[in-house]
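For reference, the structure is listed below as structure tokens.
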Amino acid sequence: ARDAPLIAAHPSHSIAFHTYNHRLDSIDQLQQVRSIDLQVKGYRTAQSVITEELTDYALSFHDFEWLMSSARSYGFDLPRLENGIVKIPAHLDDYPLNTGEMDYQQWMNRVMTMTRERGFVSIGLHDCYSRFWIERYSELLDHLKRVGELWTCDQITDQVYLMDASSVAAERRTARKASIAGDSAL
């Protein structure tokens, strides 16, 4: 047992493992990342590919609460709970900055357009690409705060769990009322 966490999160940021070695053919990514730290709640797919290893069961077994992949790979735009794992669709990340597909201003314009047009936008940032945005990070956060609320993936996960529990409770109340109404009709 460790005396202190190896990886520490900040209250306004979530940390996720982004695979162990970014290899799509490796079938023990979850086990390898858990050998590094047991506390990180999230996992971000490599290249937005949901590999055979990334089953809901395997994620739960390795104590992950959420999985982030591109909205395109999921086929949906809003977070949802599936088999105990919250799936968070990423709408944008900083990869185009690394490839040179976009410069920072083009990328920021894309961020601004998305946040104006959508009710929910999830943005993934890589620490290894931070050289492209770190000096303007405060500017990015200020923009995002002006157009909406900032939530971490951990906070989104907690909210999705809460919403699911509330809907299950409401369904049970409705079922009980229907059962009581059915019994009184006899």
Side-chain angles (χ1 to χ4, degrees), residues 6-10 12-37 40-55 58-59 62 64-80 85-157:
L6 177 61
I7 298 173
H10 187 277
S12 62
H13 297 78
S14 290
I15 296 173
F17 279 112
H18 186 46
T19 74
Y20 183 77
N21 58 14
H22 220 261
R23 291 185 49 188
L24 296 176
D25 62 343
S26 179
I27 58 168
D28 60 349
Q29 296 286 331
L30 296 175
Q31 182 179 348
Q32 289 184 65
V33 297
R34 278 300 181 221
S35 71
I36 295 170
D37 186 87
V40 173
K41 297 177 181 183
Y43 192 87
R44 172 67 161 101
T45 61
Q47 302 172 35
S48 289
V49 175
I50 301 172
T51 63
E52 290 182 25
E53 179 189 19
L54 298 178
T55 65
L59 289 160
H62 290 285
F64 286 100
E65 295 179 9
W66 56 267
L67 177 67
M68 179 184 270
S69 191
S70 70
R72 175 190 40 76
S73 69
Y74 278 136
F76 55 84
D77 286 326
L78 296 174
R80 64 171 66 165
I85 299 295
V86 174
K87 310 287 177 73
I88 302 175
H91 300 98
L92 179 67
D93 71 13
D94 51 357
Y95 185 69
L97 295 172
N98 183 57
T99 62
E101 178 185 332
M102 293 182 182
D103 63 25
Y104 181 81
Q105 193 54 54
Q106 292 169 317
W107 183 80
M108 191 62 182
N109 289 341
R110 188 179 204 184
V111 169
M112 289 189 287
T113 299
M114 280 190 149
T115 55
R116 278 193 305 264
E117 293 176 353
R118 296 174 175 256
F120 173 81
V121 175
S122 175
I123 302 170
L125 298 174
H126 297 77
D127 61 339
C128 57
Y129 304 152
S130 65
R131 67 187 176 278
F132 297 106
W133 49 261
I134 196 71
E135 290 181 11
R136 298 177 178 168
Y137 188 57
S138 292
E139 171 192 327
L140 171 63
L141 293 179
D142 288 344
H143 163 73
L144 294 172
K145 288 176 189 175
R146 282 193 302 274
V147 297
E149 294 181 50
L150 295 181
W151 289 39
T152 67
C153 289
D154 293 339
Q155 290 169 324
I156 291 168
T157 297

Any side-chain heavy-atom pair from [X] and [Y] closer than 4.5 angstrom?
X    : Y    : answer
T51  : T45  : no
I156 : W66  : no
V111 : V121 : no
L54  : F64  : no

Can you measure from [atom1] ([X]) to [atom2] ([Y]) and round to the nearest 0.5 angstrom?
X    : Y    : atom1 : atom2 : value
I88  : C153 : CD1   : SG    : 4.0 Å
D28  : R34  : CG    : CZ    : 14.5 Å
T157 : E65  : OG1   : CD    : 6.5 Å
L30  : S35  : CG    : OG    : 11.0 Å
L140 : M108 : CG    : CE    : 5.0 Å
F132 : N98  : CZ    : CG    : 4.5 Å

Heavy-atom pair of closest approach, residues [X] and [Y]:
X    : Y    : value
V49  : S69  : N-OG, 4.4 Å
W107 : I123 : CZ2-CG2, 4.3 Å
S122 : P89  : CB-O, 3.0 Å
L59  : I85  : CB-CD1, 3.7 Å
E101 : Q106 : O-OE1, 4.1 Å
G124 : M68  : CA-SD, 4.5 Å

Using side chain to side chain contact (heavy atoms under 4.5 Å, CB included), reason through D77 and F120 one step at a time and then give a plain yes or no. CA-CA 8 Å; D77 286 326; F120 173 81; over 6 Å; no

Look at the side chain of T113 and the backbone N and O of R110, then say whether any donor-acceptor pair between them is shorter than 3.5 Å. no

Does any pair with a residue in residues 127-141 pass salt bridge (Lys or Arg N to Asp or Glu O under 4.0 Å), and if so which ones, sequence neighbours excluded? none

Could you give all pairs that pass the side chain to side chain donor-acceptor pair (under 3.5 Å) test and reach residues 85-96, with sequence neighbours left out? R44-D93, D56-K87, E82-K87, D94-H126, D94-W133

